[in-house]
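Below is one structure, written out as structure tokens, with a few remarks after it.
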Amino acid sequence: MPELPEVETIARGLAQRVRGDKIEAVWIGEKPEPLKSTAQDIVDALEGTAIVSVRRVGKQIVFDLEAEGAKPKMRQWIVHLGMTGRMLVVSHGTAIENHTHAVVTLASGRELRFVDPRRFGRLSVRRESDFQGSGVEPLEIGAAEFIRLFCKRSSPIKAALLNQKLLHGVGNIYADEALFRAGIRPRRRANALTRAQLTKLHWSIQEVLREAIALGGSSVSDYVDANGEKGFFQLRHHVYLRTGQPCHVCRTPIRRITVGGRGTHYCPKCQK
DNA sequence: ACTATTTCCTGGATGC
DNA sequence: TGCATCCAGGAAATAG
């Protein structure tokens, strides 16, 4: 499932490949689920624009589009990949694969295709040019602000980390991995953690995200980047999906529990 | 204002 | 082998 490092990798790859290209036509599939805006709004916002940049905000891909001579010159196409969403760049004529929900024809003769079997992904458009996610970027936040964000929360720290209104971009993989590195059990209440523990956690989150970005993200299930390449960070996971396997530090079997309705993995000896 | 729970979706794994 | 059931999870919706 694409989280911050995966979306960052995908957005960078997309930027490299389609920045400067022009959108000539847009096709939106029948299934309404993947849309937050109406299909017509998306078509109207995209057609005839130039792709100025592609970037990541939280777990979302933002295409900054510039329209010629239109009232709001700048608009954004926002893509959330959900669990299984993929954004492909293919040459015109490539066979349409199953679960393709949108096809964007580019002036260069290629197409951007949104494919998402599970349909947890979402497409939307914005006319303003100042799109911001609801939370704070984990790689930009300082330790003091991080502590302020979490120290009053009574929910389990893992559930708080997954709350995109607080911090955005951290999902199940990196929440588990950061908590392991910080030596904190996922069920600990956020407001029961010491300042030192929250400081450590802040550092661990930034460390694990930076390492994952450097390796192109984690390829679990069917994640691939804009070039169809797999990431390599899954080889560095200490706890995620390692239930029953020995901890890399102390050899204790990794345990799996449910926190906030999510599969959660931790080392019962290294994490307190 | 929070927190907890349910819901959406399909493919792959598991069970009988 | 075949069919049914379960499970994965981001985030919105709903309930408490």
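All chains are named by letter (A, B, ...) in the order of the sequence lines, taking the proteins before the strands, and each is independently numbered beginning at 1.
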Round to the nearest Å and state the distance from [X] atom [atom1] to [N] atom [atom2].
X: A/Asn163; N: C/dA13; atom1: CG; atom2: P; answer: 15 Å
X: A/Glu97; N: B/dT10; atom1: CD; atom2: C1'; answer: 14 Å
X: A/Gln60; N: C/dA11; atom1: CD; atom2: P; answer: 7 Å
X: A/Asp116; N: B/dC8; atom1: CG; atom2: P; answer: 17 Å
X: A/Leu123; N: B/dC9; atom1: CG; atom2: P; answer: 15 Å
X: A/Arg119; N: C/dA12; atom1: CZ; atom2: P; answer: 18 Å
X: A/Leu167; N: C/dA11; atom1: CG; atom2: P; answer: 12 Å
X: A/Lys158; N: C/dA11; atom1: NZ; atom2: P; answer: 13 Å

Looking at side-chain heavy atoms only, is the closest gap between [X] and [Y] below 4.5 Å?
X: A/Asn191; Y: A/Cys151; answer: no
X: A/His248; Y: A/Arg242; answer: yes
X: A/Leu81; Y: A/Lys59; answer: no

A/Arg110 versus A/Ser108, closest heavy-atom pair with distance
NE-OG, 3.0 Å
May I ask you to decide if the ring planes of A/Tyr174 and A/His237 are parallel, tilted or perpendicular, using 30° and 60° as cut-offs?
perpendicular
Can you classify the ring geometry of A/His101 versus A/Phe114 as parallel (below 30°), tilted (30 to 60°) or perpendicular (above 60°)?
tilted
Tell me which of A/Ser154 and A/Asn98 sits closer to the 5' end of DNA chain B, going by the nucleotide each one is nearest to.
A/Ser154
Heavy atoms from C-beta onward define the side chain here; which of B/dC2, B/dG11, C/dA12 lies closest to that of A/Lys165?
C/dA12
Is a donor on one side and an acceptor on the other found under 3.5 Å between the side chain of A/Thr94 and the backbone of A/Val90?
no
Protein-to-nucleotide contact annotation, 5' to 3' order, nucleotides 4-10 of chain C [B base; S sugar-phosphate only; - none; under 4.0 Å, heavy atom]:
----BBB
What does the inter-axis angle of the helix from B/dC2-C/dG16 to B/dC16-C/dG2 come out as, five pairs per end, nearest 10 degrees?
50°
Checking A/Lys269 now: which residues fulfil side chain to side chain donor-acceptor pair (under 3.5 Å) with it, not counting sequence neighbours?
none
Out of A/Glu3, A/His265, A/Lys158, A/Glu177, which one pairs with A/Asn172 under the side-chain hydrogen bond (donor to acceptor under 3.5 Å, both in side chains) rule?
A/Lys158
